[in-house]
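Some notes on the structure that comes next.
Residue numbers start from 1 in every chain, and the chains themselves are labelled A, B, ... in the order their sequence lines are given, proteins ahead of strands. Keep in mind that the numbers below use all heavy atoms, side chains included, and drop hydrogens, waters and symmetry copies. Remember, predicted model here, so these are calculated numbers, not experimental data.
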Amino acid sequence: MLQVSVLKEQTDRVLAGLTKRNFPNAEAEVQRVLELDQRRRQLQTEHDSAQAEANKLAQQIGALMKSGDKAGAEELKTRTATLKQQTKTAAEELTGVEKELQDALYRIPNVPHDSVPAGRSADDNEVVREVGNKPELPGGALPHWDLIKKLDIIDFELGNKITGAGFPVYKGQGARLQRALINFFLDEAMAAGYTEMQPPILINEASGYGTGQLPDKEGQMYHATADDLYLIPTAEVPITNLYRDEIIAAERLPIRNAGYTPCFRREAGSWGAHVRGLNRLHQFDKVEIVEIDLPERSYQTLEHMLGHIEQLLQKLELPYRVLRLCGGDMGFTSALTYDLEVWSAAQQRWLEVSSCSNFETYQANRLKLRYRDENNKTQLLHTLNGSALALPRIVAALLENNQQADGTIRLPEVLHRYCGFAQLG
RNA sequence: AGAGAGGUGGCAGAGUGGUCGAAUGCGACGGAUUCGAAAUCCGUUAUACGGGCAACCGUAUCGGGGGUUCGAAUCCCCCCCUCUCUGCCA
């Protein structure tokens with residue numbers, strides 16, 4: 001969530017940013033926060049002064065009791081009753097206002113970075129660059145859902161049997177390819193200076209709130225109700241929450257972590273066209289990179305992360321493009337997002353394989369993730385993350401783009417030693 | 001899952017109704033001493049919110065919530081978590 005101080009001191013910038021997002025009723029929503037904050041301060045002051053007086057009286061009563069002046073003590077007690085009522089009323093109202101204020105803040109999305117283009121939908125995203133050549137496929141080329149069946153490397157039917165739709169079973173060369181990609185991505189991340197983390201894939205409620213999956217996206221996560229734990233939708237959640245409620249020494253920054261985890265998404269209501277095969281799954285594998293850095297460096301860091309991801313795609317010899325998402329297509333919590341899409345030659349469409357974002361202080365504010373500035377004051381840090389990379393669509397593109405006339409699939413050089421084979425089939 | 005113990009500041013650990021945001025030790029920081037260091041000595045060392053230009057003042061926080069009381073780290077109730085033993089188990 002945004003900080004009240006930002007809404008107060010940079011109202012015009014916030015409103016301009018929310019307009020870029022096509023966020024409705026921006027002015028009213030911001031106004032409401034400011035009013036609630038005003039009321040909150042007032043109540044806090046009322047509460048504190050009544051409480052201060054009560055504390056003072058309690059001390060005096062203690063002294064009188066000790067000196068044996070029971071009558072004097074009783075006299076003061078009558079006064080505390082009124083004060084007690086005052087503090088109680090103020091405290092109750094304060095709790096209510098604080099809750100309303102928080103709810104109001106939760107409803108306001110992050111302010112987009114200046115470089116974010118205006119726009120309503122994915123059509124308005126800015127293509128930053130396109131890299132690599134789209135391959136010419138041989139006659140009779142197939143989409144990946146047919147290829148995996150023919151090669152018998154990924155089995156949706158078996159997944160249906162033991163779990164349900166969207167939970168495929170990877171078999172033989174298919175399983176080995178998964179493992180190869182995970183290891184390749186992790187090794188590349190280590191080489192680029194990231195620290196590997198292996199977090200739990202179930203998280204508690206507090207972590208869900210920390211990175212913003214809760215309360216609004218509750219329905220998107222699998223919920224293990226017996227223990228009130230959630231299956232992670234991305235490694236971003238546990239790895240970022242590692243630093244929840246922390247004040248980090250500036251010399252430890254930037255923090256650069258990478259982690260492989262399976263990811264679980266209920267994707268409620270989003271099935272239909274364009275989700276065949278590996279395009280959308282309930283469980284998939286992903287290597288995620290997460291960075292925490294000083295505000296003044298975070299956009300440099302974002303470019304650096306983007307460079308790392310692009311380099312992976314280049315080594316995999318996949319044609320890709322980088323998009324700068326427009327205000328209307330960006331995630332709620334992000335200030336700037338680059339999407340990376342690979343070309344899927346048989347489907348003749350771009351597939352999103354990575355999303356790389358700077359959240360600025362939006363997540364850090366909920367997480368209470370801070371550092372000390374040169375004046376020794378605590379300030380919020382910036383958090384960033386990106387997929388490096390999500391596997392299923394990479395696999396889809398590798399299969400489709402590299403299919404040969406003889407029905408085999410050529411694999412990029414860089415994967416050979418990880419797979420132990422150079423082609424599928 | 002059963003039984004027991006326990007959750008206090010960066011860490012360890014005292015504190016069982018008032019003068020306790022909290023002894024003491026360790027760590028960290030500043031200073032003295034030293035050519036420099038170690039050792040020693042002195043001092044500082046939580047967070048959030050509110051008020052104030054500031055110095056500073058106020059309030060809250062001893063796992064979380066509620067209660068008793070003029071007054072709660074301390075007493076009562078509920079919840080959460082951790083540890084130990086037993087059981088089960090990769």
Side-chain angles (χ1 to χ4, degrees), chain A residues 1-9 33-105 198-210 214-215 223-230 238 241-253 255 262 361 364-381:
Chain A
M1 62 186 158
L2 292 171
Q3 299 164 87
V4 176
S5 60
V6 170
L7 296 183
K8 194 152 65 180
E9 289 154 23
V33 167
L34 296 182
E35 279 164 15
L36 284 167
D37 181 58
Q38 181 83 28
R39 182 71 186 133
R40 190 190 112 258
R41 287 155 183 271
Q42 195 185 337
L43 286 166
Q44 175 94 45
T45 305
E46 277 174 31
H47 171 270
D48 284 4
S49 52
Q51 186 63 252
E53 196 180 340
N55 287 347
K56 217 168 272 169
L57 283 174
Q59 223 162 33
Q60 288 170 17
I61 290 168
L64 289 172
M65 298 283 245
K66 207 162 268 180
S67 67
D69 184 358
K70 286 235 161 91
E74 285 305 321
E75 198 185 319
L76 290 184
K77 276 192 196 181
T78 56
R79 167 76 185 130
T80 59
T82 329
L83 286 170
K84 208 176 161 183
Q85 192 51 46
Q86 274 177 27
T87 39
K88 201 180 165 195
T89 316
E92 275 166 8
E93 201 183 333
L94 187 58
T95 309
V97 168
E98 277 172 347
K99 173 85 171 63
E100 281 182 70
L101 178 59
Q102 198 179 51
D103 289 347
L105 280 170
Q198 214 173 95
I201 59 176
L202 283 141
I203 49 133
N204 57 28
E205 198 180 41
S207 297
Y209 277 95
L214 294 174
H223 188 187
T225 50
D227 297 288
D228 203 18
L229 297 172
Y230 295 86
N241 270 285
L242 257 19
Y243 304 93
R244 171 153 47 86
D245 295 321
E246 296 277 336
I247 298 172
I248 295 176
E251 54 272 21
R252 279 179 64 200
L253 298 167
I255 286 172
T361 60
N365 194 24
R366 278 204 202 184
L367 289 162
K368 297 208 185 64
L369 167 52
R370 294 152 294 167
Y371 73 105
R372 283 184 201 286
D373 66 15
E374 57 279 9
N375 300 319
N376 219 30
K377 281 189 65 176
T378 57
Q379 303 284 356
L380 294 174
L381 282 162

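- Residue-level contact check: R40(A) touches the backbone only, with heavy atoms under 4.0 Å from sugar-phosphate atoms and none from bases.
- Partner assigned to A5(B) is U82(B), using Watson-Crick or G-U wobble distances below 3.5 angstrom.
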Pair E92(A), K88(A) - check side-chain contact (heavy atoms from CB on, under 4.5 Å), show working. CA-CA 6 Å; E92(A) 275 166 8; K88(A) 201 180 165 195; 3.5 Å; yes

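- Atom CG in D48(A) sits roughly 11 Å away from atom P in U61(B) (whole-Å rounding).
- When each of C70(B), U59(B), G51(B) is scored by its nearest atom to the side-chain atoms of T80(A), the top-ranked nucleotide is C70(B).
- Between L76(A) atom CG and U69(B) atom C1' the separation is 16 Å, expressed in whole Å.
- One can place CD1 of I247(A) at 8 Å from C1' of A46(B), the figure rounded to the nearest angstrom.
- Within the shown strands, U40(B) is the pairing partner of A32(B) under the Watson-Crick or G-U definition, both distances less than 3.5 Å.
- The same atom, C1', is picked in G64(B) and in C11(B); the two are 23 Å apart, to the nearest Å.
- To the nearest whole angstrom, the two C1' atoms, one in U59(B) and one in G52(B), are 15 Å apart.
- Of the residues near RNA chain B, K56(A) and T378(A), the one whose nearest nucleotide (by heavy atom distance) lies more toward the 5' end is T378(A).
- One interatomic measurement links the two molecules: OH of Y243(A) to C1' of G10(B), which rounds to 17 Å at whole-angstrom precision.
- One interatomic measurement links the two molecules: CG of L94(A) to P of A60(B), which rounds to 13 Å at whole-angstrom precision.
- For N204(A) and S207(A), the side-chain atoms include at least one donor-acceptor pair closer than 3.5 Å.
- The partner of C70(B), taking Watson-Crick or G-U wobble pairs whose two distances both stay under 3.5 Å, is G18(B).
- A gap of 12 Å separates the C1' atoms of A46(B) and C62(B), to the nearest Å.
- Straight-line distance between the P atoms of C85(B) and C20(B): roughly 40 Å, to the nearest whole Å.
- Of the possible donor and acceptor atoms, one in the side chain of N365(A) sits under 3.5 Å from a partner among the backbone N and O of L2(A).
- No option in V97(A), L34(A), L94(A) other than V97(A) meets the side chain to side chain contact (heavy atoms under 4.5 Å, CB included) test with R39(A).
- When each of I201(A), L214(A), T225(A) is checked for a side chain to side chain contact (heavy atoms under 4.5 Å, CB included) with Y230(A), only L214(A) meets the rule.
- Distance noted for atom P between C77(B) and A60(B): 25 Å (whole Å).
- Under the Watson-Crick and G-U wobble criteria, each requiring two contacts below 3.5 Å, nucleotide C11(B) is paired to G25(B).
- When the P atom is compared between G10(B) and U68(B), the two are found 32 Å apart, to the nearest whole Å.
- Inter-residue side-chain proximity for L7(A) and L105(A) is flagged as met; some heavy-atom pair is nearer than 4.5 Å.
- Summarising the base pairing, U47(B) is matched to A60(B) through a Watson-Crick or G-U wobble pair whose two defining distances lie under 3.5 Å.
- Counting to the nearest Å, the C1' atom of G51(B) and the CD atom of Q51(A) are 17 Å from each other.
- Place Q42(A) and K84(A) on RNA chain B by their nearest nucleotides, and Q42(A) ends up nearer the 5' end.
- Nucleotide A55(B): unpaired (no Watson-Crick or G-U wobble partner with both distances less than 3.5 Å).
- At a threshold of 4.5 Å between non-hydrogen side-chain atoms, the residues H223(A) and D228(A) count as touching.
- In this structure, CD1 of I61(A) is placed 15 Å from C1' of A72(B), rounded to the nearest angstrom.
- If you check every strand for non-hydrogen atoms under 4.0 Å, T78(A) touches nothing.
- Separation of the C1' atoms belonging to G30(B) and A23(B) is 24 Å when rounded to the nearest angstrom.
- Remark: P of G64(B) and CG of D228(A) are 19 Å apart, rounded to the nearest angstrom.
- The phosphate of U47(B) has OP1 or OP2 within less than 4.0 Å of a side-chain N or O from R372(A).
- Under 4.0 angstrom from either OP1 or OP2 of U59(B) there lies no side-chain N or O belonging to T45(A).
- Rounded to whole Å, the separation between the P atoms of U69(B) and G4(B) comes to 32 Å.
- Residue R370(A) places none of its side-chain N or O atoms closer than 4.0 Å to OP1 or OP2 of U47(B).
- Residue N55(A) places at least one side-chain N or O closer than 4.0 Å to OP1 or OP2 of A60(B).
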